[in-house]
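Residue numbering restarts at 1 for every chain, and letters A, B, ... go by the order of the sequence lines.
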Amino acid sequence: MLDKRYDHLQVEKDKYQNWKEKGYFTSGDISKKPFSIVIPPPNVTGKLHIGHTWDTTIQDIIVRYKKMQGYDVLWLPGMDHAGIATQAKVMEKLRNMGKDVTKITREEFLQWAWSWKDEYASHIHEQWAQMGLALDYTKERFTLDEGLNYAVRTVFVTLYNKGLIYQGERIINWDPVQMTALSNVEVIHQEDKGYMYYFKYPIVGSDEYLTVATTRPETMFGDVCVVVNPKDKRYTKYHGMKVINPANGDELPIICDEYVDIEFGTGAMKCTPAHDPNDFIIGQKYGLEMPIIFNKDATMNEKCGQYKGMDRFVCREALIENIKKDGNFVKQEEIVHPVGHSERSNAVVEPMLSKQWFIKMRPLADQALANQKKKGDKVSFVPDRFEKVFIQWMEKAEDWCISRQLWWGHRIPAYYNKHTGEVKVLMDPPQDMENWEQESDVLDTWFSSALWPFSTMGWPNKTPELERYFPTDVLVTGYDIIFFWVSRMIFQSLEMNGVRPFKEVVIHGLVRDELGRKMSKTLGNGVDPIKVIADYGADALRYFLTTNSTPGQDMRYIDEKVQAASNYLNKIWNSARYVLSILGDDYKESELSSDKMSALDKWIINRLNTTIKNVTMNMDKYDFNAASNHLYNFVYDDFCSQYLEMSKVALNSDNEESKNATKAVLLKCLKNIILLIYPYTPFIAEELYCSLPTHLESIMLETYPKYDKKLFDDSKDYQVELLFNLIKDVRNYKIENKLAPNASLDLSLLLKEEMFEGFLAYLKRFSFSDVKLLNKDQHVEGESHIYNEAELYIASGVDKAELLAKLDKDIEALNNEIKRCENMLNNPNFTSKAPEAKVALEREKLAKHQENLQVLLEKRKKIA
RNA sequence: GGAGACUUAGUUCAGCGGGAGAACGCUUCCUUCACACGGAAGAGGUCGUAGGUUCGAUCCCUACAGUGUCCACCA
């Protein structure tokens, strides 16, 4: 027997462990069709946040749904080593322990990092368990494990040999806090306040000067020339002359290049090839020197004279002061301009010339773009507008800087000859390793993540897993990592395997706080899923997360809505409790047979069928909000409010046959509700399922409900709806007239056709009144309610004037409706252009309205 | 500078070429034997503004306004 109140703590206890131990999460039944998903591996940097919960719940719903539909589902779990982020956290921990991190060795650090990984991996496992995720742990991987390292090396060597990976000196984004290079996507551009400074660059051998503008005066130590547009007439006379750099007195040539915009600033641009990507291009074009002026921590280096060792921003201020003293300062303007910050450290990123490893993107991007044009092979985005985001990024993808000056990651398999400097890229260290030194840099974390869908399945070996589950069926992730991850998986898979990594990508948004703000550590507005689970249960949280937004759209976390989800589950719980109590302990399940079912039974079964159809259709579209809404309406309106209440009549009758039919229908509805809600809320579904009179060992072994045409007979459904309307109007009458809900009224009913068996009994029971049947044309005093198939009169002490007033109101409303219909039908454009069915429907409506109007008019005549 | 998203009830959000929906909140009534974390009934919206397409627009198109998002090297 179920408890009176749904208690999530009791319901969610021990179930996960049991599922796991029984092997329900394990894939590999080759008698079934395969279906596969790889989890987006969470970083081992911390605990999971509510965004992870959303992401993984969507996957879990898909997984459980597909399992029920008879697929052999592989949901592959795993985690990401998250290079920069984890290294930063581990370093911080070591500093907090009082260690001198500058003295620590690579090997020592890696030991600490691995133990950090173990600790956080166990937190993540615990959270997955609490959320109830049906992950196949026998296939779990880590982005830094040996097998994945083998895959990473294979890809690196292959791309290198194809010329798609190269080492080059280029301008990269330098994070001076983490002291590593970053890729473009790891740089966040934000609008910062700053100044545009204008300085005089005196012309050598002249009293004149050029005014040059810059936002980063400290880079002036790296200036090698001043560039003007050859067409700029203001500067023609200076062509071939030199200017003096006001920062250090160096003489700089004036160079002409079309790149300079005559309209922008002063039209004279300082050129710092080592610290600006555009200047770098000009530097290359004219073979200019490229002096680097920063140390790795963005302090000024020895090229900066008296400023050596200063922080770049301190230097900036000091330099400006000195230029002012020299009289070369013109002005400064406050501006707001985009400034690049490191995604991880938030430090202002310094563009810096540096030797790094790159992936040549153009050929790979073109391949990915070409594949999107192939109908059967493309990756389908859900919702499809996100394909555009992907395509646009691919169209202008620049080379990807993949080397990082870190320890925590896949070490680049390149070897430098200690004597000759020769570079070799190899799967394994050279035989004479004593003469070689391995590249100390590691790869960008996303390099290994990009291989995740196939590296986790044993690639490059032709494993059975790869054969069976790759390409995967669907990937679920947030729109914020389309660039970081989705696009890179796509081009890597196409290059390495010749096929897409997944057929579909389901994109969701961000969870925001109650006020619509992004959740962040600095705001402290994050929501801890573990706390929500403790308060309301994993089921309520899962239901809330997956049913409160449209695909691809952000959502707000609102506590009351989780509570509402919990109330819904309590509703299902109690309806189950009731149904089970009706069935009794020794109930034997029997087949539903259409001929023993009442009109009411058939009605609810039809509603159930329709619900199954709608839910399934929307589940297949990954529209979990729409799917759950259909079920919700069925549970509340059709099943609980109508059928459960109505069924009490049959259950209290002496008719054993109809009693049994009702019980069977109740059970069928309940069981289907449990099965339909199960992917969303597996814990409560399992609990209720196992309380059914007959059940398998677990709901995880059940099959998903199917639309059942056999029981479909809706011929009397409209009469059932009429009954509901009659009851509703009677209730309404009582409330309007301040009568008790169970007050007995004097009701008269004229039926225009024969109603289903028991119709009157239901009406009597739910109106708490006796119902007199009228013959045609028989007149009764009272308030009239006209329906298409019936007329209801409620005798009352209300006076004539009031009755007439009400009647007039009804007549007026009906007249308006008739007018609306007539206007439409009299419009030849409507009748000729609108679909036939639409026109017929309007005609039908008009006829009914007119008929009903006649009744009301006659009624009025008799009263008046 | 580009791209796309959003604007619907007090609030958070669905929806849709043919009489506006849910949840929460609010009002009235009801402890009736599944559930007061409940039930019954109800109030509440010129669907951002202006044009256009259409027999018909909240829905499609255009412009505008507002809100937030992503991308982008202009000194």
Item to check | Selected nucleotide, minimal atom distance to A:Tyr259 side chain, candidates B:rA75, B:rC35, B:rC70 | outcome: B:rA75
Next on the checklist: In whole Å, I'd like the distance from the OH atom of A:Tyr557 to the C1' atom of B:rC13.
Outcome noted: 17 Å
Item to check | Option passing side-chain hydrogen bond (donor to acceptor under 3.5 Å, both in side chains) with A:Tyr259 (candidates A:Asn278, A:Asn229, A:Asp279) | outcome: A:Asn278
Checklist entry - Rounded to whole angstrom units, what separation is found between the CD1 atom of A:Ile391 and the C1' atom of B:rA3? => result 13 Å
Next on the checklist: When you measure from the side-chain N and O atoms of A:Asn829 to the phosphate of B:rU54, is any distance below 4.0 Å, counting only OP1 and OP2?
Outcome noted: no
Checklist entry - Which nucleotide in the list B:rG39, B:rC71, B:rA75 gets nearest to the side chain of A:Lys396? => result B:rC71
Item to check | Closest to side chain of A:Asn278, choosing from B:rA5, B:rC73, B:rG18 | outcome: B:rC73
Are any protein N/O atoms closer than 3.5 Å to N/O atoms in nucleotides 41-45 of chain B? If there are, list each pair with its distance.
unit_1, atom_1, unit_2, atom_2, d
B:rA41, O3', A:Asn732, ND2, 3.2
B:rA41, O2', A:Asn732, OD1, 3.2
B:rG42, OP1, A:Asn732, ND2, 3.0

Checklist outcome for this item: Looking only at B:rA34, B:rA75, B:rC30, the nucleotide nearest the A:Arg577 side chain is B:rA34
Next on the checklist: Nearest to the side chain of A:Gln553, heavy atoms from C-beta on, is which of B:rC24, B:rC6, B:rC55?
Outcome noted: B:rC6
Checklist entry - Whole-Å distance between B:rA22 C1' and A:Tyr568 OH? => result 13 Å
Checklist entry - Can you list the stems that RNA chain B is part of, where a stem is at least 3 pairs in a row, each Watson-Crick or G-U, with both distances below 3.5 Å? => result B:1-3 with B:69-71, B:5-7 with B:65-67, B:10-13 with B:21-24, B:26-30 with B:38-42, B:48-52 with B:60-64
Next on the checklist: Is the ring pair A:Tyr632/A:Tyr568 parallel, tilted or perpendicular, if the boundaries are 30 and 60 degrees?
Outcome noted: tilted
Checklist entry - Are any of A:Ser575's side-chain N or O atoms less than 4.0 Å away from OP1 or OP2 of B:rC35? => result no
Checklist entry - Separation of A:Lys833 atom NZ from B:rG17 atom P, in whole Å? => result 20 Å
Item to check | Minimum-distance nucleotide to A:Tyr578 side chain [options: B:rA34, B:rA75, B:rU69] | outcome: B:rA34
Checklist entry - Among the nucleotides B:rC24, B:rA75, B:rA72, which one has an atom lying closest to any side-chain atom of A:His189? => result B:rA72
Checklist outcome for this item: Against the side chain of A:Lys571, the closest entry in B:rC24, B:rC35, B:rC55 is B:rC35
Item to check | Aromatic A:Phe544 / basic A:Lys561 pairing, under 6.0 angstrom, 45° off normal | outcome: no
Checklist entry - Where each residue is assigned the nucleotide of RNA chain B containing its nearest heavy atom, which of A:Ala564 and A:Arg512 is assigned the position nearer the 5′ end? => result A:Ala564
Checklist entry - What heavy-atom pair brings A:Ser647 and A:Thr662 nearest, and what distance separates the two atoms? => result CB-CG2, 3.6 Å
Checklist entry - Do the rings of A:His508 and A:Trp54 sit parallel, tilted or perpendicular, given the 30° and 60° boundaries? => result tilted
Item to check | Of the listed nucleotides B:rU69, B:rA72, B:rC55, the one nearest the side chain of A:Glu191 | outcome: B:rA72
Checklist entry - Does NZ or CZ of A:Lys648 come closer than 6.0 Å to the centre of the six-membered ring of A:Tyr578, within 45° of the ring's axis? => result yes
Checklist entry - Checking ring pair (Phe, Tyr, Trp, His ring centres under 6.0 Å) for the pair A:Phe329/A:Tyr197: CA distance, chi angles, key distance, verdict? => result CA-CA 8 Å; A:Phe329 179 84; A:Tyr197 303 94; 7.1 Å; no
Next on the checklist: Classify the ring geometry of A:Tyr762 against A:Phe766: parallel below 30°, tilted from 30° to 60°, perpendicular beyond 60°.
Outcome noted: parallel
